[in-house]
Amino acid sequence: MANYSQKESDRLGLGLRFMALAPRIIPDTELGKHAVAGYSRYLGISAADFVQGMAAPPTSCNVATAVIELVMNPDRSLGDVFIVSGKGLEAVP
């Protein structure tokens, strides 16, 4: 969606920049708690084991930091689509 919107903005000369930010499951949020509960139940493991098995789950603070980073450094060469994990911001090719 971000790529399509960016192409349209460029085509129409609107001067807008579109980016997509997709955090992994954030266990410390209400939505994340529901996701953890659902996935762990489906897998037949405890919620704690599910979270422990996640590779660097992001916190809400990681996501906020990523948003600020993108706003403060809108370098297009970094990309337009990003994933946030506990390790930080990562561009998706």
CG/Asn73 to CG/Leu89 distance, rounded to the nearest 0.5 angstrom? 10.0 Å
Sequence neighbours excluded, the answer for side-chain hydrogen bond (donor to acceptor under 3.5 Å, both in side chains) partners of Glu8 is Arg11
Quick one: side-chain hydrogen bond (donor to acceptor under 3.5 Å, both in side chains) partners of Thr29, sequence neighbours excluded? none
Can you give the donor-acceptor pairs under 3.5 Å from side chains of residues 42-58 to other protein atoms, not counting sequence neighbours?
residue, atom, partner, partner atom, Å
Ser46, OG, Asp49, N, 3.0
Ser46, OG, Asp49, OD2, 3.2

Which pairs count as salt bridge (charged side-chain N to carboxylate O under 4.0 Å, His left out) when at least one residue sits in residues 32-43, sequence neighbours excluded? Glu30-Lys33
Any sub-3.5 Å donor-acceptor pair from Ser5's side-chain atoms to Met1's backbone N or O? yes
Flag yes if more than 12 heavy atoms outside Phe18 fall under 6.0 Å of its CZ atom; otherwise flag no. yes
Shortest non-hydrogen separation from Ser40 to Ala37 and the atoms involved: OG-O, 3.1 Å
Can you run down the salt bridge (charged side-chain N to carboxylate O under 4.0 Å, His left out) pairs that involve residues 79-90, sequence neighbours left out, and say none if there aren't any? Arg17-Asp80
Using 0.5 Å steps for rounding, measure from the CD1 atom of Ile26 to the OG atom of Ser60. 6.5 Å
Side-chain heavy atoms nearer than 4.5 Å, only ILVMFWY residues, links allowed to pass through others: does that put Ile83 and Leu21 together? no
Are the side chains of Arg24 and Val84 in touch, meaning some heavy atoms are under 4.5 Å apart? no
All side-chain hydrogen bond (donor to acceptor under 3.5 Å, both in side chains) counterparts of Asn3, not counting sequence neighbours: none
Under the side chain to side chain donor-acceptor pair (under 3.5 Å) rule, what do Asn62 and Thr65 come out as? Steps first, then yes or no, please. CA-CA 5 Å; Asn62 294 130; Thr65 299; 5.9 Å; no
Under the 3.5 angstrom rule, does the side chain of Gln6 hit a backbone N or O of Leu16 as a donor-acceptor pair? yes
